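Step one of this worksheet: look at the structure below.
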2 protein chains.
Amino acid sequence: MTDTPETGSDQEPRRGMSRRALLTGGAAGAGIGAILGLGSAAGFTALRPNPGSAVPSDDGSIRSAGAGGDLPGFGGEALPCHGAHQAGITTPSTAHARYVAYRLRPEVDADGVRRLFRILTEDIEGLASGAAPLADPEPELAARPSRLSVTVGVGAGLVDRVDPSRRPEWLKPLPAFAEDRLDDRYGDGDLLILLQADDPLPLAHAARMIHRDLTGFAEHHWTQQGFRQARGSEADGTTMRNLMGQVDGTVNPHPDEEDFDPLVWIGADGGWMSGGTALVLRRIRMELDTWDQIDRPGREITIGRTLDDGAPLTGGDEHTPIDFEATTPLGLKVIPMAAHARRAHSTDPDERIFRRAVNYDDGTEAGLLFACYQRDPYRQFVPIQQRLDEMDMLNEWVTHTGSAVFAMLPGFAAGETLGASLTG
Amino acid sequence: MTDTPETGSDQEPRRGMSRRALLTGGAAGAGIGAILGLGSAAGFTALRPNPGSAVPSDDGSIRSAGAGGDLPGFGGEALPCHGAHQAGITTPSTAHARYVAYRLRPEVDADGVRRLFRILTEDIEGLASGAAPLADPEPELAARPSRLSVTVGVGAGLVDRVDPSRRPEWLKPLPAFAEDRLDDRYGDGDLLILLQADDPLPLAHAARMIHRDLTGFAEHHWTQQGFRQARGSEADGTTMRNLMGQVDGTVNPHPDEEDFDPLVWIGADGGWMSGGTALVLRRIRMELDTWDQIDRPGREITIGRTLDDGAPLTGGDEHTPIDFEATTPLGLKVIPMAAHARRAHSTDPDERIFRRAVNYDDGTEAGLLFACYQRDPYRQFVPIQQRLDEMDMLNEWVTHTGSAVFAMLPGFAAGETLGASLTG
C-alpha cells in the first residue's frame, strides 16, 4: 500500500465536481463533461490514482521527447541522465538548485524502496529529457528542461530499511563543530532530491512531479533553494560570486584531472556505492550587515583574495596559485595565518573536496548552500572544516546553520533502475 | 535621528576586531592593518556610519558607471530609471521579481520621508545603472544589473506621515471577498520596494543595499519572491506560464495602445500621484495536487483556453479573441458561463487592468504573485475580482492568501527626487 497515497487529496475532485456542477447550473451530480455534451473524454476523471503506475494520459496529448527542443532559446537543452555517475554532480553548474529532503513513511520496507527507485527512475528520465514522465499532467512545463538534472541521495534511514549492514561508515551526522549553530529544520533525512536547472519553471515543475510521486512513500522534511548568476548574464565559465561579493569556487578539482576520480567517486571496493559519492551540504548564513561595515582591504585580507576578480593578494589573476610564503616588507605573511584561503587550503592532496555551491536569500536570511562531494567526508571535508572551525577570520561573518550528509547513488544506464545496486 | 541606524550592528566590527587581532596573534587592540604594516588604509573602519550620506569608498575602488557593461552576456544591460513613470511597470518583464514591504518607524515624520526618498533615489540611480550607489561596499554585485528595476510604492501610513489629506481614496485595504483566506503576513505596508531583474544575484544585492539604507526609517514587514521563465530559455516575447501549466497573461492592454494611459497612469487631476499608478498585489495559492487530478479537457474548460498554447477553446491561436457566443452542437456555450476566462472578461472597456504576474514556489506552497496596475482599483480590479469571487470554476484550485494596495509613485527625471510631488 505504500505506493498508493491514501491522503484526502483524491476526495477533493469529487467535492469539487459537485460544486462545479452547481456553479454551471448542472443537475446534482452531473459532471461538466455531461453538461457540455462532450462525452466522457471531457469529464473529470482521476487521471492517475496510483502514482506508481506510469499510464499514458487519456487524451493522447503528451509530447514526444524533445518536443520543446526545436524552439529558440536554451530551454530545449537536455542533459543526459544516464551514465556511470548521476547527472548534476560534475555536469555544468546551472543557475538554480533546489535540495529537497524526505523522511520515509514507517511502513516502507526494502520492497517499498525498490518501487520508489523505479518510480524515480521513470520520473528522472522523463523530466531530464523534456519528454515529461508519461503521466505528467502538465507536459508543457516539462518540455523545456533547460539542462534540468535530478540527483538522488539516500540517508542512513533508507539504507537501514534495505539492509543496515550496507550502511557506509560515513553515512551519519558530521561531528559537532564548535562554531556550528545547527537548526534541526535543515538536518539529515532519509532521501534527498537535488534538482538543478537554468530555468526555475521546469525545476519547480519537476520538484512537484517527484513530490507527488513520492507522497505514498515519504514525507517532506525540508527544502533549500539557491541560485548562481543567471545563465547568459556572464561569459560562460565565469566563477560564481557569493552574496559577500567574493568570487567563490576558484580552487576546485576538475573532472578532467587524473586525480579527480579517486577524490570524488567511490571505487570498486565501495560495494553498492561504487560509482556514487558522498555529499556534505552545509547551510552557511552570512552576517552581511556587519561584513559591509569592514573596509575593502579588511574584507580582502579576511579571505586572502581581491574582491575585484578573486586574484590572490599575492598577485596574478583568479587562477594564479596563492603564494602562502609571500611576506610584506615588515616580514609578515601577505596571506595572514587566519585568512580563510589559508585555513581552507589542504597540504595533503587527498584531503580535497569537489565544491558546488549556490547562494540563498529568502528575504530574511542570506548565505551559501555549500555542497561538496568526496569519497569519504571524514577524510576530506571534516579535517578542512575542523581547521576552519578552529580558526578562520571569516567565522566572524559566517555561521553554519544546517548540516546534512547523503550517499549520492551511483549512476544508471538506460533500461536500468537507479539504486538497483542497493536494492538488488 | 531617523537616518542613523542605532542598532547593535555598528558594535559588531569592534568586537570582531579584537577577536581577529587575537586570531592573527596581534597585541590586544591592534587592528590587522597595523599588524600587516599596511597603514590605516587597510585598517578596519566603519565604512558608512550614516546611510543617508552617500560618501565615496575610502579605497577608491568603486567602479564607474557601466563598468560591467562591456563584458559578454546580458548582465551589463541597464534599464533607464528616469522618466515620466517609474521603471518596472511597463518595462519588459524580467525573470525574477521580489516585493518587499516595510513599516515606517514611529518617529519618521514628513521630513524623514523626504530624506528616505532622497536616499532611495540615489540607490535606485546607482543600482539600475550598474554604477553602484557611491557607498556600495560590493560594487561587483551591482555592476551587472541585468535590467534591474527598483519601483517604489507607498501605503496610506506613509502618506499620512506627510499629510493625511493627500491620501487617495483608493489607498486602503480592498473590500473583503468571500473566497479570500488572507494571511496578515502578506498585508499592506507603509512602503513597498519592488525589485525586478533577469539575474537573481544583482537583485538580491540591490534588495540588501536598499534594506540597509532603510534600516533607520523602516522595519521589514514581508518579502514575496517570484519568477517567470528564465531569460533566454524561450523566444523573446513568449507569454509566461504559471505553475498550473497555463499560458498566463495573454489578454493585457499594451503600453503602445491609445487607451493604455487612461487605464493605468493617474492623470493631471491626480495631484501628487499624477504619472503614478495603483498597484494591487494578490498572493494566489494554487492547489496543484487536486488540479493535477482533473483530466486535460476538464482543466481546459475550467479556464476556457487550451493548455498547449493558450488558444481559446473557440479556436485560433493564443492571441485570437475568445468567441464567448460560440456554442456546441447541443447549443451550450463552448466557454462555460463559469469558465475563468469568461468571468474575468470585462465588457466595459474602462474596467480593465494591466497585469504583471510571477510564479512563486517556496518549497511548501506554490502559486502566483498576481500584480495589476490601474488608475483606480475600485473601478477596475474590484469589479473583476467580485465576478471571480462570486463564480469561477478555477476557485476550486486557487485561494487568495495575500492582498495589498500601494500607490506607485510617479517617475522622476535626472536631478529630481523620487516622491518629490508628495513631500514637496
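In what follows, every chain begins at residue 1, and chains take the letters A, B, ... in the order their sequences are listed. Keep in mind that what you see is a predicted model, and the values were worked out from it rather than measured.
At a 4.5 Å heavy-atom cutoff, the contact between B:Arg98 and chain A is made by side-chain atoms alone. Only the backbone of B:Asn242 comes within contact range of chain A, with heavy atoms under 4.5 Å apart. Proximity to chain B is absent for every atom of A:Trp222, based on heavy atoms less than 4.5 angstrom apart.
A pairwise comparison of heavy atoms in A:Met244 and B:Glu138 identifies O-CG, 3.4 Å as the closest pair. When every heavy atom of A:Ala204 is checked against every heavy atom of B:Leu243, the shortest pair comes out as CB-CD2, 3.9 Å. The minimum heavy-atom distance between A:Arg299 and B:Pro137, with the atom names listed, is NH1-O, 2.8 Å. Residues A:Met209 and B:Asp292 approach most closely at CE-OD2, 3.5 Å, considering heavy atoms. A pairwise comparison of heavy atoms in A:His220 and B:Thr364 identifies CE1-CG2, 3.9 Å as the closest pair.
Salt bridge annotation for A:Arg208-B:Asp361: absent, with no cationic side-chain nitrogen under 4.0 angstrom from a carboxylate oxygen.
Listed options A:Pro200, A:Ser146, A:Ala197 were ranked by heavy-atom pairs under 4.5 angstrom with chain B; first place goes to A:Pro200. Highest contact tally toward chain B, considering only A:Gln246, A:Glu234, A:Gln224, A:His211, is held by A:Glu234 [criterion: heavy-atom pairs under 4.5 Å]. Most heavy-atom pairs under 4.5 Å with chain B: of the set A:Thr223, A:Asp199, A:Asp362, this distinction falls to A:Asp199. Most heavy-atom pairs under 4.5 Å with chain A, from the set B:Met240, B:His96, B:His205, B:Glu287: that is B:His96. The choice from B:Gly331, B:Pro202, B:Ser233 that makes the most heavy-atom pairs within less than 4.5 Å of chain A is B:Ser233.
No donor-acceptor distance shorter than 3.5 angstrom exists from the side chain of A:Arg241 to the backbone of B:Leu201, with no hydrogens or angles considered.
Distance check: A:Thr215 OG1 to B:Asp289 CG gives 6.5 Å after rounding to the nearest 0.5 Å. Between B:Gln229 atom CD and A:Asp198 atom CG the span is 14.0 Å, to the nearest 0.5 Å.
Shown here are the side chain to side chain contact (heavy atoms under 4.5 Å, CB included) partners of A:Glu219, two or more places apart in sequence or in another chain: A:Arg105.
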